[in-house]
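Lettering follows sequence order; numbering is per chain, from 1. For clarity, every value in this text was computed on a predicted model and none was experimentally measured.
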Amino acid sequence: MQIKSKLNNIVNSALKANGIEIEEVVVNEATKVEFGDYQYNGAMALAKKLKTNPREIAQNLAKELDGNSIFSKVEVAGPGFINLTLDKEFLEQNLLNTLNNRAGVSKLNNPIKVVVDYSSPNMAKQMHVGHLRSTIIGDTIANLFEFLGDDVIRQNHIGDWGTQFGMLVAYFEESGANVDAKLSDLEQFYKEAKQRFDESEEFANKSRQNVVRLQGGDAETLKLWSTFIEKSLAHAQDIYNSLNVKLDSSHVRGESWYNSQLSNIVKDLETKEIAKESQGAKCIFFEDSENPIIIQKADGGYLYATTDLAAIKFRVQELGAKRVCYVVDARQAEHFKQVFQTAKDAEYANNDTKLEHIAFGMMLDKSGRPFKTRSGGTVKLKELIDEAVDRAKGVINRANEYSNEELEHIAKVVGIGSLKYSDLSINRQSNYIFDWDKMLSLDGNTALYMQYAYARINSILTKAGDIAETEPTLGDELERRLALKVLSLEDTLIKAYKEAMPHIITSYLYELATLFMKFYEQNPILKDGVSQEQKESRLILAKATANAIKVSLNLIGIEVLERI
RNA sequence: GCGCUAGUGGCUCAAUUGGAUAGAGCAUCAGACUUCGGAUCUGACGGUUAGAGGUUCGAGUCCUCUCUAGCGUACCA
């Protein structure tokens with residue numbers, strides 16, 4: 001349930017009762033446990049505006065709020081903070097509603113259509129670590145948006161066009177290699193082709209001609225090209241499947257798909273006098289930057305900015321998106337800023353369409369350098385995943401209690417889960433320092449701690465048998481806080497939704513799990529001497545916690561295990 | 001050169017977007033067990049938030065300058 005918006009409304013009425021009208025009331029979670037559950041800090045700002053005493057405003061407001069049975073305590077502190085503590089009964093009444101497959105989270109009142117552009121690997125090469133962050137961050141926000149009710153369209157803007165394919169085609173023709181080659185061979189061919197391209201002018205020209213043939217729709221060239229793409233996509237699909245990422249072939253709309261629209265985009269931008277010629281190329285200049293974006297090269301070829309503009313136009317005008325999220329590396333910030341600006345200038349997107357660059361930092365090794373293999377090459381995503389699963393096997397405590405099959409499954413869930421969780425649990429905007437040991441650690445804010453908490457609760461619930469789902473009676477402060485944490489899942493998800501920040505979900509998960517562990521340490525459930533009423537209430541708390549963990553983990557694309 | 005982004009205990013990260021005494025985990029040290037799964041929990045130690053100014057009731061957060069690092073800087077994506 002949305003606790004915050006409920007409180008906002010309550011405070012808003014209290015303000016009105018005091019004759020104060022303001023645009024937006026914001027109640028926040030308390031910064032410290034001693035301050036209660038929530039706090040309203042608006043009195044200070046109001047006092048400034050109304051030129052009165054903040055303490056006085058706060059007192060009057062508190063008096064009004066105190067009458068509401070939702071609070072067990074309302075107090076004014078410091079210069080005019082209003083600290084709010086929720087009444088147990090309110091929490092008790094709502095806890096049972098969280099025991100469904102949405103953990104009590106309702107859908108948004110005003111869902112919109114959203115395009116999430118993520119993963120976007122280059123074809124003819126294997127996916128490598130550079131694609132990991134976009135793929136899992138993008139998938140998480142797509143899951144989250146979808147869960148909250150938005151109409152999400154996933155778009156995999158694969159790099160399937162351009163000079164590189166001309167090169168590849170030329171090399172295949174030259175070397176007479178078998179087109180049925182595996183992707184790993186294809187990648188080798190790509191390297192060799194690149195070398196030929198750099199050393200031979202003749203080869204380079206041939207490659208460029210191939211690009212022209214490709215763009216012109218030459219059947220032979222296209223056939224060869226589509227074979228490359230098919231193989232590359234099959235490889236990408238394997239990766240998505242093992243990462244538990246919901247991308248499939250229906251989401252693929254690569255650069256090639258926009259090819260036919262590019263000349264019109266350029267013409268249109270020229271007509272609108274947004275683009276102009278400079279040094280033989282068609283460019284768009286900006287006041288605040290010395291660098292233009294180039295939409296057509298001097299030789300007539302198009303560039304990725306052109307494709308991106310065509311994509312925006314398509315997504316907004318054809319797909320009807322009101323929010324378009326580009327989950328792309330932070331280095332492209334300037335590119336997107338300029339492309340978005342151009343899209344607005346050209347009216348491909350109007351002002352109520354949100355174009356967002358969901359930027360993320362680089363993946364670095366422990367010493368702060370780009371994450372590479374020992375010999376300095378790029379780390380293939382497949383290798384990374386295999387190693388994660390392999391290492392996970394070594395971490396599982398009761399490995400001998402499981403069959404090989406079970407162990408494989410657990411290792412997969414734990415390994416992949418850890419790989420994803422450690423990435424998603426930090427603010428995406430900063431660089432991510434990748435560390436195997438930390439990732440598979442049992443302590444702290446890790447996937448394993450969460451998996452363990454879930455399995456442990458599951459064990460209790462199994463032992464307890466059927467649970468009477470009656471309204472609980474919350475005992476001590478820990479129980480009250482745990483119930484509140486479970487109920488605040490929706491507020492958390494809404495925050496993560498607004499900012500497209502997955503780590504907000506993992507922070508919540510960690511707080512929830514630690515709170516449960518503390519509660520459980522102090523408050524026995526199935527031991528002797530626990531009254532029936534206490535037992536039932538605590539079981540419901542445990543069940544609600546497990547359910548919230550499961551729903552949250554699923555949102556970030558991680559499975560739970562009944563046993564671990 | 002210009003531009004963008006960042007700089008928070010030894011390490012890895014938070015900080016509800018301007019709120020109260022800057023919070024966690026790791027590491028270190030000290031505790032709690034005939035375990036409802038101890039893969040747990042409880043403490044302690046550790047900070048001039050890179051530095052200097054400024055804005056105001058109030059700054060890690062906003063502004064200016066300096067330092068440091070990374071990235072981007074015209075026909076790759």
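In this structure, A:Met450 and A:Leu512 have side chains that are not in contact, with every pair of non-hydrogen atoms separated by 4.5 Å or more.
If you check B:rC76, B:rA14, B:rU16 against the side chain of A:Asn427, the one that comes closest is B:rA14. Here the side chain of A:Ala77 is nearest to one of B:rG23, B:rA20, B:rA74, namely B:rA20.
Applying the side-chain hydrogen bond (donor to acceptor under 3.5 Å, both in side chains) rule to pairs touching residues 28-41 of chain A yields A:Lys4-A:Glu29, A:Asp37-A:Arg480, A:Gln39-A:Asn41, sequence neighbours excluded.
In this structure, the aromatic ring of A:Phe35 is positioned over the six-membered ring of the base of B:rA20, centres within 5.5 Å and planes within 30°.
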Show each protein N/O and nucleotides 67-73 of chain B N/O combination with a separation under 3.5 Å, one pair to a line.
unit_1: B:rU73; atom_1: O2'; unit_2: A:Asn291; atom_2: OD1; d: 2.4
unit_1: B:rU73; atom_1: O2'; unit_2: A:Asn291; atom_2: ND2; d: 2.2

Any N/O pairs under 3.5 Å between the protein and nucleotides 59-65 of chain B? List them or say none.
none

Table of protein N/O atoms under 3.5 Å from nucleotides 40-48 of chain B N/O atoms:
unit_1: B:rU40; atom_1: OP1; unit_2: A:Asp443; atom_2: OD1; d: 3.1
unit_1: B:rU40; atom_1: OP2; unit_2: A:Asp443; atom_2: OD1; d: 2.9
unit_1: B:rU40; atom_1: O2'; unit_2: A:Glu521; atom_2: OE1; d: 3.1
unit_1: B:rC41; atom_1: OP1; unit_2: A:Tyr449; atom_2: OH; d: 2.6
unit_1: B:rC41; atom_1: O4'; unit_2: A:Glu521; atom_2: OE1; d: 3.4

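None of A:Ser120, A:Pro121, A:Ser119 except one satisfies the side-chain contact (heavy atoms from CB on, under 4.5 Å) rule with A:Thr135; the exception is A:Ser119.
Checked against side-chain hydrogen bond (donor to acceptor under 3.5 Å, both in side chains), A:Lys535 has no partners two or more places apart in sequence or in another chain.
Both key distances under 3.5 Å define a Watson-Crick or G-U pair, and stretches of 3 or more such consecutive pairs in RNA chain B run B:1-7 with B:67-73, B:10-13 with B:23-26, B:28-32 with B:40-44, B:50-54 with B:62-66.
Counting distance only, with no hydrogens placed and no angle test, the side-chain atoms of A:Thr31 and the base atoms of B:rA15 include no donor-acceptor pair under 3.5 Å.
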